[in-house]
Amino acid sequence: MMQRRLEPELMNGDAQVQAYAAADFSAGDQATLEAIQQLLFTTSPLPADPLLVDLGCGPGNITLRLAELFPRARIIGIDGAESMLALARGRAQQQQLEISFLCQTLQEVLEGPLLGQADLIVSNSLLHHLHQPDLLWTVSRALAAPGCRALHRDLRRPASDAELEQLRLKHLPSAPEVLQHDFAASLAAAFEPHEVTAELHRLGLNQLRVSAEDDRYLVVSGLVKS
Ligand SMILES: C[S@@+](CC[C@H](N)C(=O)[O-])C[C@H]1O[C@@H](n2cnc3c(N)ncnc32)[C@H](O)[C@@H]1O
């Protein structure tokens, strides 16, 4: 089994932010949106004016789509990298979408005013950045209002460096070097599904389910708080 190789949590290098914002993640974004809709379809409807939180929102790929899908919701995107949020704010303004973007780390969210308020918590491609294996789950639990659901989708760690290299060649054969490097580093930093399951059980989050998707993703979805 390959050990996790951590990468920096925040993405605030100029080249990295520009390359990320310019890349086409539409297929993955669409899969995340569909998983969110599926989760809401199989559980009870959201309250009339729900609070939706997108953790590690980056340039707002998912946050903006949530605002289009749920025009009556209050939507908050949170990221610790101001350069990512500047892009997100610009995009939201351009599309005339009402979204609040907060520059906070997840560690800071735990001390903030949103605790116990969220009806839906999502993240896309965040988990592998986090050094502390229980941080996303602790934050999700702390933010959750009664009935809150969560959908977290991320890469999962391959079994070996050889498998990692195969995934890189298969999925990003001719992407810019910075993206190829980030993809490989992200795979190496990611969790395996059984590691996530163990954390969730340890924290008593037994209504969140972990599933492997495709050849490189994991999805955590379900009820955070009854
Ligand atoms: C790979 S990007 C994903 C962005 C976005 N969710 C998307 O779907 O495109 C991960 C984002 O998580 C942010 N991030 C990583 N660790 C964080 C932390 N501890 N607190 C807040 N944001 C964090 C990074 O700054 C980066 O913008």
Side-chain angles (χ1 to χ4, degrees), residues 4 6-36 52-69 75-92 97 99-112 114 118 120-140 142-143 150-157 171-172 175-176 178-191 213 216-220:
R4 277 190 87 199
L6 301 182
E7 61 173 356
E9 290 207 342
L10 301 184
M11 289 176 70
N12 43 20
D14 280 348
Q16 191 182 34
V17 170
Q18 292 309 327
Y20 191 86
D24 179 8
F25 293 114
S26 53
D29 294 349
Q30 182 61 26
T32 298
L33 265 297
E34 283 171 12
I36 292 169
L52 278 46
V53 178
D54 181 13
L55 295 170
C57 65
N61 295 19
I62 300 299
T63 339
L64 269 65
R65 300 280 304 274
L66 288 175
E68 288 166 356
L69 272 176
I75 302 192
I76 302 182
I78 298 178
D79 202 288
E82 182 53 49
S83 41
M84 282 286 192
L85 291 178
L87 288 168
R89 289 192 187 101
R91 288 174 169 180
L97 293 169
I99 303 173
S100 304
F101 288 104
L102 303 182
C103 189
Q104 285 186 350
T105 63
L106 261 65
Q107 293 82 347
E108 289 166 339
V109 170
L110 279 174
E111 295 153 21
L114 295 174
L120 175 67
I121 302 166
V122 306
S123 74
N124 187 53
S125 209
L126 167 67
L127 179 61
H128 68 273
H129 282 275
L130 304 176
H131 296 181
Q132 200 185 316
D134 63 358
L135 183 60
L136 185 55
W137 319 121
T138 307
V139 170
S140 296
L143 287 177
L151 188 295
H152 300 284
R153 186 168 179 273
D154 195 15
L155 293 168
R156 68 174 192 265
R157 191 167 76 253
H171 295 291
L172 292 185
V178 62
L179 280 183
Q180 297 216 25
H181 171 270
D182 278 0
F183 180 62
S186 299
L187 284 169
F191 288 87
E213 180 197 290
R216 61 198 186 285
Y217 295 107
L218 65 78
V219 177
V220 179

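As the structure lists them, so they are numbered: ligands from 1, and atoms in each ligand from 1. Owing to the predicted nature of the structure, the values given are computational and were not obtained by experimental measurement.
- In this view, His171 and Asp215, Arg216 satisfy the side-chain hydrogen bond (donor to acceptor under 3.5 Å, both in side chains) rule, not counting sequence neighbours.
- Checked against Thr32 for a side chain to side chain donor-acceptor pair (under 3.5 Å), the options Asn61, Asp154, Asn124 give a single hit: Asn124.
- For the ring-ring contact (aromatic ring centres under 6.0 Å, His included) test, residues two or more places apart in sequence or in another chain that qualify with Phe25 are Tyr20.
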Show the short N or O contacts, below 3.5 Å, that ligand 1 makes with protein N or O atoms; if there are none, say 'none'.
{"residue": "ligand 1", "atom": "6 (N)", "partner": "Gly56", "partner atom": "O", "Å": "2.7"}
{"residue": "ligand 1", "atom": "6 (N)", "partner": "Asn124", "partner atom": "O", "Å": "2.8"}
{"residue": "ligand 1", "atom": "8 (O)", "partner": "Asn124", "partner atom": "O", "Å": "3.4"}
{"residue": "ligand 1", "atom": "8 (O)", "partner": "Asn124", "partner atom": "ND2", "Å": "2.8"}
{"residue": "ligand 1", "atom": "9 (O)", "partner": "Tyr20", "partner atom": "OH", "Å": "2.6"}
{"residue": "ligand 1", "atom": "16 (N)", "partner": "Glu9", "partner atom": "O", "Å": "3.2"}
{"residue": "ligand 1", "atom": "19 (N)", "partner": "Glu9", "partner atom": "OE1", "Å": "2.9"}
{"residue": "ligand 1", "atom": "19 (N)", "partner": "Gln107", "partner atom": "OE1", "Å": "3.3"}
{"residue": "ligand 1", "atom": "20 (N)", "partner": "Leu106", "partner atom": "N", "Å": "2.9"}
{"residue": "ligand 1", "atom": "22 (N)", "partner": "Gly80", "partner atom": "N", "Å": "3.2"}
{"residue": "ligand 1", "atom": "25 (O)", "partner": "Met11", "partner atom": "N", "Å": "3.0"}
{"residue": "ligand 1", "atom": "25 (O)", "partner": "Asp79", "partner atom": "OD1", "Å": "2.8"}
{"residue": "ligand 1", "atom": "27 (O)", "partner": "Asp79", "partner atom": "OD1", "Å": "3.3"}
{"residue": "ligand 1", "atom": "27 (O)", "partner": "Asp79", "partner atom": "OD2", "Å": "2.7"}

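- Rounding to the nearest 0.5 angstrom, the gap separating the CH2 atom in Trp137 from the CD1 atom in Ile121 is 10.5 Å.
- Leu218 places a side-chain heavy atom less than 4.5 Å from the side chain of Leu127.
- Partners of Glu213 according to the salt bridge (Lys or Arg N to Asp or Glu O under 4.0 Å) rule, which considers only residues two or more places apart in sequence or in another chain, are Arg153.
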